[in-house]
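By convention here, the first residue in the shown sequence is residue 1. A quick note: this is a predicted structure, and the numbers were derived from the prediction, not measured.
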Amino acid sequence: MSDDKAPEMNFSITYVSKYEYDAEVVDNHNALRVKPAANSRQRVDEFSVRLSPEARLHRHADYFGTEVVEFEIPRPHKTLVVDVRARVTTQAPSSPPKSTWEALRKPAYREAGGEFLFQTDSAPGHPLLDELIAATSQTADPVALVIAVAELIPDRFEYRKGATYVDSPLSDVLDGGAGVCQDFVHLGLFLLRHHGIAARYVSGYLYSTESEETHESIEVDTHAWIEALLPVARGEPTWVGVDPTNQGLTAQRHVKIGHGRHYADVPPIKGVYRGMANAELDATVTMTRLDEADPAAIARA
């Protein structure tokens, strides 16, 4: 059941990416996955994308339902600025449902889990991976397993920026003992899928402050967490968010963009260009908690 006493949270989000090229480039084509999702616990009150140089925007939903904003700049340029603004209202997620191992074995669960039951990364024969599998094997029910995975990973691995790259395999995290949120998610996905739980990679934003009352503007990075499909004795399986970087279930501070099988399905920005040039990227994400939603923005959404 959802917590009826938990108030809504309202956020303003600014995402700015600036690319500086050391020579002119042309035919610069990019796909953005940065818009907060609209779902049962999120309302997008406002969203805009401004580009310099200007270009026409094309929008569509990808295979997993994430909104993609695409654009192409054909003329020569040495700088590209992508300025994204959003306002979003979140509600408290529902508490995890009662779940059983018996329900996990039903054909209907495997049908609902689909491709999210299949592994996308592995490190065969790695002794640490075998140890982590054993450590998460004796749980009372699927809910306990999901929480155990989220608590175990940050206990065993250090969160350290620069320890890995966006395309680092699972073996790099296991060997180095450190990574960032996307690495923790990929490891969590492997463990959950190994135990038969369908799980998907979620990209989004996290308003990461210590105080519940603060309304300051803070710089954050795009964040990643897991949605696990929990089987229930009666009714449809339920997707539940869990954050292995922060050792717990997701909350109102988590703003979802989209999901996929792994990071490569939901990168915030991905593109190609023509030209003999190297690019230097400067990206910032700023989140501000607002006292309330802007009625005018809601009307425009």
Inset, instruction - Take Tyr159 and Thr245, measure what side-chain contact (heavy atoms from CB on, under 4.5 Å) needs, and give me the verdict at the end. - result: CA-CA 8 Å; Tyr159 182 93; Thr245 303; 3.9 Å; yes
Inset, instruction - Kindly indicate whether the side chain of Glu227, heavy atoms from C-beta on, has any atom under 4.5 Å from the side chain of Lys256. - result: yes
Inset, instruction - With sequence neighbours excluded, tell me which residues meet ring pair (Phe, Tyr, Trp, His ring centres under 6.0 Å) with Tyr273. - result: Tyr21
Inset, instruction - With the side chain counted from C-beta on, respond yes when Thr90 and Glu8 share a heavy-atom pair under 4.5 Å apart, and no when they do not. - result: no
Legend entry - Fellow cluster residues of Val272, listed by chain then number, with links counted only when side-chain atoms sit under 4.5 Å apart: none
Legend entry - Close side-chain approach of Leu132 to Ile153, heavy-atom, < 4.5 Å: no
Legend entry - Polar side-chain atom of Arg41 near backbone of Ala251 as donor-acceptor pair, under 3.5 Å: yes
Inset, instruction - Check ring pair (Phe, Tyr, Trp, His ring centres under 6.0 Å) between Tyr201 and all other residues, then give those that pass, not counting sequence neighbours. - result: His186
Anything under 3.5 Å between a donor and an acceptor, one on a side chain of residues 64-71, the other on a protein residue two or more places apart or in another chain? List them.
from: Glu67; atom 1: OE1; to: Lys35; atom 2: NZ; distance (Å): 3.4

Legend entry - Exercise: do Asp243 and Thr250 side chains pair donor with acceptor under 3.5 Å: no
Inset, instruction - Report yes or no: do Gln247 and Asp155 form a side-chain donor-acceptor pair below 3.5 Å? - result: yes
Legend entry - Intermediate values then yes/no, salt bridge (Lys or Arg N to Asp or Glu O under 4.0 Å), Arg33 and Asp62: CA-CA 10 Å; Arg33 288 173 173 84; Asp62 68 13; 3.1 Å; yes
Legend entry - Exceeds 12 heavy-atom contacts within 6.0 angstrom, atom CZ of Arg59: yes
Inset, instruction - State, yes or no, whether a side-chain contact exists between Arg253 and Met287 at a heavy-atom distance under 4.5 Å. - result: no
Legend entry - side chain to side chain donor-acceptor pair (under 3.5 Å) partners of Asp282, counting only residues at least two apart: none
Legend entry - Passing candidate, side chain to side chain contact (heavy atoms under 4.5 Å, CB included) with Tyr19, options Asn28, Val25, Ile269: Ile269
Without placing hydrogens or testing angles, list every side-chain donor-acceptor pair under 3.5 Å for residues 165-176, not counting sequence neighbours.
from: Ser168; atom 1: OG; to: Tyr165; atom 2: N; distance (Å): 2.7
from: Ser168; atom 1: OG; to: Tyr165; atom 2: O; distance (Å): 3.2
from: Asp175; atom 1: OD1; to: His126; atom 2: NE2; distance (Å): 2.8

Inset, instruction - Evaluate the side-chain hydrogen bond (donor to acceptor under 3.5 Å, both in side chains) criterion for residues Ser12 and Thr288: first the C-alpha distance (whole Å), next the side-chain angles of each, then the deciding distance (0.1 Å), finally the verdict. - result: CA-CA 5 Å; Ser12 171; Thr288 304; 5.1 Å; no
Inset, instruction - Not counting sequence neighbours, list each pair that qualifies as a side-chain hydrogen bond (donor to acceptor under 3.5 Å, both in side chains) and has a residue in residues 96-107. - result: none
Legend entry - Flag if over 12 foreign heavy atoms under 6.0 Å of CD, Glu115: yes
Legend entry - Beyond-backbone contact of Ile218 with Thr286, side-chain heavy atoms, under 4.5 angstrom: no
Legend entry - ring pair (Phe, Tyr, Trp, His ring centres under 6.0 Å) against Tyr109, all qualifying residues, sequence neighbours excluded: none
Inset, instruction - Measure the shortest side-chain to side-chain distance between Val240 and Ser95 over non-hydrogen atoms and say whether it is less than 4.5 angstrom. - result: no
Legend entry - Partner residues of Thr120 under the side chain to side chain donor-acceptor pair (under 3.5 Å) criterion, sequence neighbours left out: Arg193
Legend entry - Stepwise side-chain contact (heavy atoms from CB on, under 4.5 Å) test for Phe190 and Val149: CA-CA 10 Å; Phe190 176 88; Val149 166; over 6 Å; no
Inset, instruction - Side-chain contact test, heavy atoms from C-beta onward, threshold under 4.5 Å: evaluate it for Ile226 versus Val202 and give yes or no. - result: no
Inset, instruction - Could you list the residues that satisfy side-chain contact (heavy atoms from CB on, under 4.5 Å) with Lys18, not counting sequence neighbours? - result: Glu20, Thr79, Val81
Legend entry - Sub-4.5 Å side-chain heavy-atom contact between Val146 and Leu230: yes
Inset, instruction - Sorted by first residue and then second, give each ring pair (Phe, Tyr, Trp, His ring centres under 6.0 Å) pair with at least one member in residues 217-240; sequence neighbours left out. - result: Phe116-Trp239, His223-Trp225, Trp225-His254
Inset, instruction - Evaluate whether atom CD of Glu111 has more than 12 neighbouring non-hydrogen atoms of other residues, nucleotides or ligands under 6.0 angstrom away. - result: no
Inset, instruction - Kindly write out the residues that satisfy side chain to side chain donor-acceptor pair (under 3.5 Å) with Thr136, not counting sequence neighbours, or none if the list is empty. - result: His195
Legend entry - Asn10 and its side-chain hydrogen bond (donor to acceptor under 3.5 Å, both in side chains) partner, picked from Asp45, Thr89, Asp291: Thr89
